[in-house]
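So the structure is just underneath, and the comments pick up after that.
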Amino acid sequence: MTYQAPVEDILFTLTSAADVPALNDRGIYDGLDESTLRAIIEEAGRFGTEVLAPLNRVGDVQGATLVDGKVTTPEGWREAYRQYCEAGWNSLTGPEEFGGQDLPEIVASATGEIWNAANLAFGLCPLLTMGAIDALRVYGSRELLDTYLPKMVSGEWTGTMNLTEPHAGSDLGGLRTRAEPQEDGTYRLFGTKIYITYGDHDLTENIVHMVLARMPDAPAGTKGISLFLVPKFLVNKDGSLGERNDVITAGVEHKLGIHASPTCTLMYGENGGAVGYLVGEENRGLAAMFVMMNAARLAVGLQGVALADRATQQAVAYANERNQGRGPRAKRGEMSPIIEHADIRRTIMKMRAATSAARAICLVTARELDIAERAETKEEREAAHMRAALLTPVAKAYSTDIGVEVASLGIQVHGGMGYVEETGAAQYYRDARILPIYEGTNGIQAIDLVTRKLPLGDGAVAASLIDELAETVEEVRASNRPEFGRMAERLADAVDALKRASLWLGEQMQDNPEAALAGATPYLRLFGLTAGGVYVARGALIAARDNGGAAGARVTLARFWAETDVALAPGIATQITEGADGVLAMPIERLSA
């Protein structure tokens with residue numbers, strides 16, 4: 001099945017949920033008018049459909065291979081990456097000072113969905129490079145910026161993120177990679193990092209590793225972590241490449257999915273020490289790395305959206321082609337396309353609605369990041385920064401959960417044909433399954449939401465967002481459109497449930513934090529369901545007005561989502577506020593019995 005970039009859906013979400021026109025009026029997106037935005041998204045759609053999507057199956061079958069310490073990407077990968085960079089896609093949001101186009105995050109998010117839907121394993125490479133650019137731009141010395149950013153912004157060199165070690169997964173406080181200072185101001189790094197996406201490849205002549213390590217006598221835990229730039233090849237004073245650095249690719253993981261993305265084990269310092277350069281201040285590396293990680297969390301959320309959309313496209317195509325059983329419109333003696341059966345219709349509507357809701361959450365998060373970066377006043381920037389901080393764990397976790405669920409439903413629509421590799425439906429599920437694990441598992445995102453983000457501004461940041469959601473619900477109610485059904489009622493119940501659960505969690509964090517943590521994951525789900533449902537309803541309001549009250553597909557989908565999955569919100573709130581005792585009642589010893 002040929003991938004078609006959902007250009008109109010993305011543009012509509014940018015207009016409705018993210019309200020780009022209003023930001024244009026405020027000068028946030030100066031020069032990014034509707035025609036320019038459309039041209040960018042349409043061209044990205046063409047590139048994703050024509051260049052990247054045809055390589056998706058090739059990459060899954062061939063995978064990345066390691067021979068004699070060198071990684072080779074699948075057939076066609078190098079040429080596609082060359083075209084990607086030459087077309088300017090890698091430099092889209094890069095700083096103009098270093099050859100970038102300085103376009104806003106919301107453009108990167110919209111195009112990022114397309115790259116990852118077309119070919120997730122390919123899209124991971126520029127995703128990591130963009131994050132490394134962000135970290136360097138904020139914390140790098142002038143010398144590092146001048147040496148590395150022009151090549152990274154152009155895509156001539158790629159970037160990686162080195163956190164995880166064999167003995168310490170998400171617990172960065174336990175990392176042991178060490179960095180020894182040298183008289184010339186450089187450092188020598190020794191240690192092993194695992195699960196390094198695009199840690200080695202043949203797409204570019206150099207790779208810039210961003211590596212967390214400890215200096216001698218550094219404080220224990222996360223307070224003793226520093227960040228270092230460690231290039232695959234050292235760079236001479238004139239910008240040319242010098243000798244190979246002491247970084248060895250010891251292995252490439254054999255994974256459930258994303259086979260073409262080389263996930264590497266890297267060994268530093270096997271032959272005297274890998275040369276590294278300090279990024280930012282000593283023992284403040286985690287702050288620098290979090291610039292990269294937060295950018296990656298939104299980008300991974302969009303990967304969930306991307307695979308959900310891709311799986312939905314394939315399921316719809318198959319449901320229209322596959323004849324089985326007799327639907328209500330079937331002629332005597334004929335079978336019907338399975339899309340005519342009520343359960344398949346329900347399933348596909350759920351796939352479409354969930355994808356739309358997740359897309360809206362991600363693009364609203366990107367919008368807030370842009371306001372935080374580009375607004376005129378400090379007050380606006382700070383408010384948007386906190387709103388983005390609140391939304392980021394929701395965008396990452398809710399959207400990647402949706403990616404897995406929708407990909408699974410896609411297999412279900414295919415029936416037995418979905419379980420065999422030839423149809424391609426299984427690949428989307430295999431590829432999607434890593435996303436709830438990437439960049440801090442979704443359980444960690446839920447903990448972050450409850451313990452760090454919900455208390456922002458003494459709860460005022462979350463309260464403000466919930467109030468805005470309630471205002472939209474009131475607009476839906478006031479419109480009094482019969483085609484909206486019980487949308488306003490169900491959304492109002494969800495917003496009330498979110499408010500109730502938020503207040504309860506805030507109280508529990510003071511008196512009984514374990515009870516709050518027991519409800520963290522369902523709370524994140526409640527947050528995503530409610531916010532996504534309201535953002536999709538906001539689109540329905542606009543669609544209904546534009547169509548003169550006609551109940552178009554966007555209205556029908558918003559109503560369906562509100563009256564089905566979003567209607568579960570009060571029950572999830574009860575699970576949060578009344579379920580902790582049940583979660584904690586089982587003694588830990590009995591869990592292993």
Side-chain angles (χ1 to χ4, degrees), residues 170-174 219-223 286-287 290 293-294 297 361 365 368 372 379 382-398 401 436 439-471 473 492-532 534 568-591:
S170 298
D171 183 9
L172 297 179
T222 57
K223 293 181 179 180
L286 207 55
F290 263 111
M293 290 177 67
N294 280 329
R297 283 170 177 169
I361 291 170
T365 305
E368 296 300 326
E379 290 74 18
E382 288 180 347
H385 174 75
M386 288 196 289
R387 174 72 65 86
L390 174 68
L391 286 170
T392 294
V394 181
K396 190 276 174 180
Y398 180 75
D401 281 345
E439 304 308 328
T441 66
N442 286 358
I444 291 174
Q445 302 303 315
I447 293 169
D448 177 55
L449 177 63
V450 169
T451 62
R452 294 188 179 92
K453 305 306 171 56
L454 187 56
L456 284 173
D458 291 328
V461 177
S464 172
L465 176 60
I466 293 171
D467 286 345
E468 285 188 19
L469 298 177
E471 289 174 9
V473 173
D493 290 342
V495 172
D496 288 343
L498 180 60
K499 182 182 295 186
R500 174 164 56 93
S502 300
L503 292 171
W504 185 87
L505 287 169
E507 294 171 355
Q508 295 304 307
M509 281 304 300
Q510 301 297 320
D511 303 324
N512 189 4
E514 194 172 24
L517 292 176
T521 291
Y523 177 71
L524 193 149
R525 183 71 175 197
L526 173 62
F527 209 125
L529 266 179
T530 304
V534 173
L568 301 174
I572 298 175
T574 300
Q575 178 186 354
I576 296 163
T577 60
E578 299 180 17
D581 288 344
V583 173
L584 302 174
M586 176 72 75
I588 294 173
E589 295 76 17
R590 294 294 300 274
L591 291 174

Checklist line | Nearest heavy atoms of K396 and G440, plus distance in Å | finding: NZ-O, 3.1 Å
Notebook entry, point to check: Got a sec, which residues hit side chain to side chain donor-acceptor pair (under 3.5 Å) with D401, two or more places apart in sequence or on another chain?
Noted result: N442
Check: Roughly how far, to the nearest 0.5 Å, is CG of L568 from OG1 of T574?
Finding: 11.5 Å
Check: Roughly how far, to the nearest 0.5 Å, is the CG atom of L505 from the OG1 atom of T577?
Finding: 8.5 Å
Notebook entry, point to check: Which residue pairs pass the side chain to side chain donor-acceptor pair (under 3.5 Å) test with at least one member in residues 504-516, sequence neighbours excluded?
Noted result: none
Checklist line | Nearest heavy atoms of A384 and A372, plus distance in Å | finding: CB-N, 3.5 Å
Notebook entry, point to check: Who are the side chain to side chain donor-acceptor pair (under 3.5 Å) partners of S502, not counting sequence neighbours?
Noted result: Y523
Margin query: Taking CD1 in I588 as the centre, count heavy atoms belonging to other residues, nucleotides or ligands within less than 6.0 Å. Is the count above 12?
Written below: no
Margin query: I'd like to check the side chain to side chain contact (heavy atoms under 4.5 Å, CB included) partners of A520; sequence neighbours left out, ordered by chain and number.
Written below: A446, V450
Notebook entry, point to check: Can you tell me if S464 uses its side chain to pair, donor with acceptor, with the backbone of A460 under 3.5 Å?
Noted result: no
Checklist line | Heavy-atom pair with the smallest gap, counting every atom of L454 and G506 | finding: CD2-N, 4.4 Å
Note to self: Once side chain to side chain contact (heavy atoms under 4.5 Å, CB included) is applied, do any residues pair with D496, and if so which ones, sequence neighbours excluded?
What the structure shows: none
Next item on the list: Compare every heavy atom of V473 with every heavy atom of A492, then report the nearest pair and how far apart it is.
Entry: N-CG1, 3.7 Å
Margin query: Among residues at least two apart in sequence or on other chains, which ones pass side chain to side chain donor-acceptor pair (under 3.5 Å) with K453?
Written below: D448
Margin query: For R500, give me all partners under salt bridge (Lys or Arg N to Asp or Glu O under 4.0 Å), at least two apart in sequence or on another chain.
Written below: none
Item checked: Point-to-point distance, once rounded to the nearest 0.5 Å, from NZ of K499 to OG1 of T530 -> 12.0 Å
Checklist line | Interatomic spacing from CZ in R525 to CD1 in I576 - rounded to 0.5 Å | finding: 12.0 Å
Notebook entry, point to check: Does L390 reach the side chain of F527, with side-chain heavy atoms less than 4.5 Å apart?
Noted result: yes
Next item on the list: Could you note down all residue pairs passing salt bridge (charged side-chain N to carboxylate O under 4.0 Å, His left out) where residues 382-393 supplies at least one of them, sequence neighbours left out?
Entry: K378-E382, R387-E468
Next item on the list: Of all the heavy-atom pairs spanning I361 and A395, show the shortest one and how long it is.
Entry: CG2-CA, 3.8 Å
Checklist line | Atom pair OG1 (T521) and CD1 (I572), whose distance is rounded to the nearest 0.5 Å | finding: 12.0 Å
Checklist line | Qualifying residues under side chain to side chain donor-acceptor pair (under 3.5 Å), relative to T451, sequence neighbours excluded | finding: none
Checklist line | Nearest heavy atoms of L526 and L498, plus distance in Å | finding: CD2-CA, 3.8 Å
Check: With sequence neighbours left out, what residues match R297 under salt bridge (Lys or Arg N to Asp or Glu O under 4.0 Å)?
Finding: none
Next item on the list: Output the distance between atom CD (Q445) and atom OG1 (T392), rounded to the nearest 0.5 Å.
Entry: 9.0 Å
